[in-house]
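The structure appears right after this line, and notes come after that.
All values derive from a computational prediction rather than experimental measurement. FYI, the numbering just counts along the sequence from 1.
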Amino acid sequence: MCATGSPSASHRSSPRVPLAVGCLAALLVVAWQLALVVALPLVVLVIVFVLISGPAYERARELRRHRGSLAARVADTVTAAPGIAAAGGVERELRAIDRTGSGVVDAAVHRSRTAGALRAVALVAPVAGSAGAATLGALGVVSTAAVAVALTIIGIIAGPVSEMGRVVEYRQNHRAARRIIAPLLAESSPESTSPVHDPAPSAGGRVLVSGLQVDDRPLPGLRAQPGERVPVRSTAPWRAREILDQLVLPSRDGRTSVCVDGKDLAHTGPKNRRRRVGHARVGARPERGAISRAVRYRRPDLDEGEGAAALAAVGPAERVAALPQGERTSLRRGGEPLTRQEIARLWIARAMLGQPALLVLDHVDDDPGTEGRAMLRRQLADYPGVVVLATDRPDEVLDAERGWREWGLQD
C-alpha cells in the first residue's frame, strides 16, 4: 500500500508488513497465547480493510466527480454570463450551482465516514492486542515478564499499524485520481484548429429607446416599428458592443429607457425581458447542459418540439441528430462537441426562438461563414420584429430591397 501516488511512498509503507510478521514471530517465541491475542485483531483489521477499501474507492470517485461537475459548471456559467444575464437566467444558474455544491457536500460527508471507519479500526487493533496481553497476564495464563515483553513489542508496531488506516484512505484517493488523470496524460494532445472567420408577447411590438450613453456621449433616440432593421453604426467594435449591451440590459438610473412591446426593460422582471428580447453575441459560450436546454434557455416555457424546429431552421439539426445522444447531448467546456460555427447557429436559434419583439445580434455573422450568413439573411427576411444588429457586412445579412436605417454614434 502507498500513501501517495509516488513510487517512494509505496516503498516507505511496505516495511509495515514485515515488521508486524517479525513482532508476531517474537511473541510466538515468548508465548503462543500472546501471539494469538495480538494476531487476532490484526487479522480482523485486514478483513475490515478488504471490506471497506472498495466503498472508500467508490466514494472517493464520487467526490471527485461532484467536484469536477461543480468546477465545470462554475467555469461554463462564468464564460456564458452575458448570454445568461440577457436571457434572464441568473437566478436559475445560481440555483443550479447551489444544487451541484450540495452534491459535493454530501459526497464529502460520505467519504469522511468511510475514512473515519478506516482510521478508527487501525487505532483499535493495537489497543485490542495490548488489552488481550494484559488479560492473559491477569488470568495467570502467562507470566508477568512475558506480558511486559509483549507490551513492549506491541508498542513497536502500534504506530505503524495505526497509520495503516490513513495509508488505505490515501491509496483509494490516489486510485480514484489516477483513473482519470493517467489516461489524459498518456494520450497525445490533438492539434488545435483556429476558428474560421470568413471576409408570448406580441412579436410586432414597437421599440422605443432613449437616454443611452457611450463614453459619456449620448446616443440619439430610437423609435423602431415592427419589421425594421437597424444596423448599429460605430467604427469601434467594442463601442457597438457596449451599445447593444445597454440595449439588452439597460441601467436603472432613471435616464435610460428601453421600452419593448409596452414594457420598460430597466424596470421589469427577467421573465418579461427574455420574452421580449432575443440576444446573440459572437464568441459567446453556452452554459453547461443539454443542447435542447441551451436552445430553449431563454424560453424554458416552450416545449422541446419548438426548440428542435428553431434548431432545424438555422442548420445544425442534422449534425445534432448524428450525435450519440442527439439533443440530449451535454455541452461541456464552452460548447463541445459542437464546433464554433455550430455554436453560432445555436445562439441564433436561441435568440429567435418565440420571435421576440426585439432581436439583438452582435456580429453573429462572423462565425457561421458564407453559408451561415446566407441562412441568417433568409431568417431575417421575414422576421416580424425589430432587428438591431452590429455587423461588418450588412449587405450580406440584410435584404437591400427591404431597406434599413443605421443607428449609433457618429464617429
Rounding to 0.5 Å, atoms CG (L212) and CG (L222) come to a distance of 9.0 Å
When every non-hydrogen atom of A349 is compared with those of A310, the smallest separation belongs to CB-O, 3.5 Å
| Is the shortest side-chain N to carboxylate O distance from R296 to E327 below 4.0 Å? | no
More than 12 heavy atoms of other residues, nucleotides or ligands under 6.0 Å from CD of E336: yes or no? yes
Check your understanding: So, does N173 use its side chain to make a donor-acceptor pair with the main chain of A176 at under 3.5 Å?
Key -> no
Check your understanding: Does the side chain of R377 reach to within under 4.5 Å of the side chain of R373, using non-hydrogen atoms?
Key -> no
Do D76 and R285 touch side chain to side chain, with heavy atoms closer than 4.5 Å?
-> no
Between T256 and G211 the two heavy atoms that sit nearest each other are OG1-O, 3.5 Å
What one should report as the nearest heavy-atom pair of S69 and R288 is O-NE, 4.5 Å
Separation between CZ (R229) and CG (L389), nearest 0.5 Å, reads 9.0 Å
*Look at the side chain of R273 and the backbone N and O of L249, then say whether any donor-acceptor pair between them is shorter than 3.5 Å.*
no
Note to self: Counting only heavy atoms from other residues, nucleotides and ligands, does the tally under 6.0 Å from CG of D303 exceed 12?
What the structure shows: yes
* To do: Decide yes or no for V282 and R241: does some side-chain heavy atom of the first lie under 4.5 Å from some side-chain heavy atom of the second?
  => yes
Exercise for review: Determine, step by step, whether E371 and Q341 satisfy the side-chain contact (heavy atoms from CB on, under 4.5 Å) criterion, reporting the C-alpha distance in whole Å, the side-chain angles of both residues, the deciding distance to 0.1 Å, and the verdict.
Suggested key: CA-CA 10 Å; E371 293 183 0; Q341 293 74 31; over 6 Å; no
Interatomic distance, CZ@R95 vs CZ@R99, rounded to 0.5 Å, equals 7.0 Å
d(T329 OG1, I291 CD1) to nearest 0.5 Å is 5.0 Å
inquiry  = Do P384 and P226 make a side-chain contact, defined as non-hydrogen atoms from C-beta onward lying under 4.5 Å apart?
reply    = no
When rounded to the nearest 0.5 Å, the distance separating OG1 of T77 from CG of L94 is 8.5 Å
Review point. Does a salt bridge link D261 with R275, judged by any charged N lying under 4.0 Å from a carboxylate O?
Key: no
* Asked: Centre of Y297's six-membered ring, under 6.0 Å away, within 45 degrees of the axis: is that where NZ or CZ of R92 sits?
  -> yes
For T391 and L398, run side-chain contact (heavy atoms from CB on, under 4.5 Å): C-alpha distance rounded to whole Å, both residues' side-chain angles, the deciding distance at 0.1 Å, then the answer. CA-CA 10 Å; T391 176; L398 295 177; 5.6 Å; no
In short, V161 meets L45 closest at the heavy-atom pair CG1-CD2, 3.6 Å
When you look at CZ of R405, are more than 12 heavy atoms from neighbouring residues, nucleotides or ligands closer to it than 6.0 Å?
yes
Notebook entry, point to check: Distance-only, no hydrogens or angles: does the W347 side chain make a donor-acceptor pair with backbone N or O of A284 under 3.5 Å?
Noted result: yes
Nearest heavy-atom contact between V248 and L265 is O-CD1, 4.3 Å
### Query
Is there a donor-acceptor pair under 3.5 Å between the side chain of R350 and the backbone N or O of A294?
yes
Report all side-chain donor-acceptor pairs from residues 46-56 shorter than 3.5 Å, counting only partners two or more places apart or in another chain.
unit_1	atom_1	unit_2	atom_2	d
S53	OG	F49	O	3.0
S53	OG	V50	O	3.4

Would you mind reporting whether E228 and W407 have side-chain heavy atoms less than 4.5 Å apart?
-> no
pair R171-H174: side-chain heavy atoms closer than 4.5 Å: yes
Quiz item: Hey, are R298 and E287 close enough for a salt bridge, meaning a charged N less than 4.0 Å from a carboxylate O?
Solution: no
Does any non-hydrogen side-chain atom of M375 lie less than 4.5 Å from one of V314?
-> yes
Here the gap from I348 atom CD1 to L380 atom CG, rounded to the nearest 0.5 Å, amounts to 8.0 Å
| field | Cationic N near anionic O, under 4.0 Å, D366 to R393 | value | yes
Which of V230, V387, V386 passes side-chain contact (heavy atoms from CB on, under 4.5 Å) with L358? Answer is V386
Heavy-atom nearest pair, Q246 first then V214, reads NE2-CG2, 3.6 Å
Note, L331 side chain near L338 side chain (heavy atom, < 4.5 Å) = yes
Under 3.5 Å, is there a donor-acceptor pair between the side chain of T268 and the main chain of D264? no
- Message: Run the side-chain contact (heavy atoms from CB on, under 4.5 Å) test on E62 and H66 for me, step by step, so that the C-alpha distance in whole Å, both residues' side-chain angles and the decisive distance to 0.1 Å come before the verdict.
- Response: CA-CA 6 Å; E62 180 184 6; H66 283 285; 3.5 Å; yes
* Is R281 paired with D245 through a side-chain N to carboxylate O contact shorter than 4.0 Å? -> yes
